[in-house]
Colleague: 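Dropping the structure in here first, questions after.
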Amino acid sequence: MSTPPNSTPRPSVIQLAIKEKAALYAAYIPLFAEGGVFIPTTREYRLGDDVYVLMSLPDDSQRYPLAGKVAWVTPAKAAGTRTQGVGVRFPADEKSRLLKNKIEEILGSHLASDRATQTV
């Protein structure tokens, strides 16, 4: 049996290992109330696509699973030196709230920095 043409494809799983605080700063999206993260990828996504992310943070051996949604897409050959990829919004749940708090704890005063990021 084939899949019906209008069925939703299974969400993709992305492994994101962030090893340095500077990389976390560049990828984290504090503008989203629930938090979010930029993921460099050459895979094509559309706004609203579901994605599962297994994320690891600097100096932390734990992997944090989250089911997010694509909230923006940076296409290949974007203006300036923007990296191709997607911005994923964290879901509004307890696990995401804890992950957002953990990221903001790691970043501390860096959150107020005006250094450029890969995000909006």
Side-chain angles (χ1 to χ4, degrees):
M1 259 184 108
S2 65
T3 308
N6 58 356
S7 71
T8 326
R10 282 189 37 209
S12 62
V13 177
I14 300 171
Q15 300 209 28
L16 180 65
I18 300 177
K19 298 183 183 339
E20 300 167 354
K21 195 183 285 190
L24 181 60
Y25 172 79
Y28 179 59
I29 308 169
L31 294 175
F32 295 153
E34 305 83 16
V37 67
F38 177 80
I39 301 171
T41 180
T42 55
R43 185 169 171 177
E44 299 231 350
Y45 288 94
R46 290 191 305 263
L47 292 177
D49 282 355
D50 291 317
V51 287
Y52 288 116
V53 182
L54 283 174
M55 190 160 95
S56 56
L57 301 172
D59 303 322
D60 187 345
S61 60
Q62 184 174 345
R63 289 182 5 175
Y64 299 89
L66 65 101
K69 287 203 178 288
V70 173
W72 98 74
V73 175
T74 302
K77 301 182 181 85
T81 57
R82 292 246 176 240
T83 301
Q84 180 179 1
V86 293
V88 175
R89 180 188 304 259
F90 296 170
D93 62 19
E94 183 63 14
K95 280 197 305 191
S96 295
R97 190 182 66 74
L98 294 172
L99 178 58
K100 178 182 187 215
N101 290 344
K102 174 88 174 156
I103 290 170
E104 290 182 355
E105 182 182 298
I106 291 169
L107 292 176
S109 62
H110 290 287
L111 277 174
S113 172
D114 59 1
R115 284 196 340 243
T117 70
Q118 295 173 334
T119 67
V120 288

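Hydrogens, waters and symmetry mates are skipped; everything else that's a heavy atom, side chains included, is used.
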Colleague: Identify, with sequence neighbours excluded, every residue that meets side-chain hydrogen bond (donor to acceptor under 3.5 Å, both in side chains) alongside Glu104.
Modeller: Tyr28

Colleague: Scan the side chains in residues 56-71 for donor-acceptor partners under 3.5 Å anywhere in the protein, sequence neighbours excluded, and list what turns up.
Modeller:
from  : atom 1 : to    : atom 2 : distance (Å)
Asp60 : OD1    : Gln62 : N      : 3.0
Asp60 : OD2    : Tyr64 : OH     : 2.5
Arg63 : NH1    : Gln15 : OE1    : 3.3
Lys69 : NZ     : Asp50 : OD1    : 2.5

Colleague: Working to the nearest 0.5 angstrom, can you tell me the gap between Ile18 CD1 and Phe38 CZ?
Modeller: 11.0 Å

Colleague: What pairs with Glu94 under side-chain hydrogen bond (donor to acceptor under 3.5 Å, both in side chains), at least two apart in sequence or on another chain?
Modeller: Arg97

Colleague: Can you tell me how far apart CD1 (Ile39) and CG (Leu16) are? Round to the nearest 0.5 Å.
Modeller: 5.5 Å

Colleague: Determine, for Lys100 against Glu34, whether the closest basic-nitrogen to carboxylate-oxygen distance falls under 4.0 angstrom.
Modeller: no

Colleague: Which residues pass the salt bridge (charged side-chain N to carboxylate O under 4.0 Å, His left out) test with Glu20, not counting sequence neighbours?
Modeller: none

Colleague: What closest approach, in Å, do Trp72 and Thr74 show between heavy atoms, and which atom pair accounts for it?
Modeller: NE1-OG1, 3.0 Å

Colleague: Between Met55 and Ile103, is the side chain to side chain contact (heavy atoms under 4.5 Å, CB included) condition met? List the steps.
Modeller: CA-CA 11 Å; Met55 190 160 95; Ile103 290 170; 3.5 Å; yes

Colleague: Can you find a pair of side-chain heavy atoms, one from Phe90 and one from Val53, that are under 4.5 Å apart?
Modeller: no

Colleague: Identify the heavy atoms of Val73 and Leu47 that sit nearest to each other, and give their distance.
Modeller: N-CD2, 4.2 Å

Colleague: Between CD1 of Ile14 and OH of Tyr52, what distance do you get to the nearest 0.5 Å?
Modeller: 12.5 Å

Colleague: Among residues at least two apart in sequence or on other chains, which ones pass side-chain hydrogen bond (donor to acceptor under 3.5 Å, both in side chains) with Ser96?
Modeller: Asp93

Colleague: According to salt bridge (charged side-chain N to carboxylate O under 4.0 Å, His left out), who are the partners of Glu44, at least two apart in sequence or on a separate chain?
Modeller: none

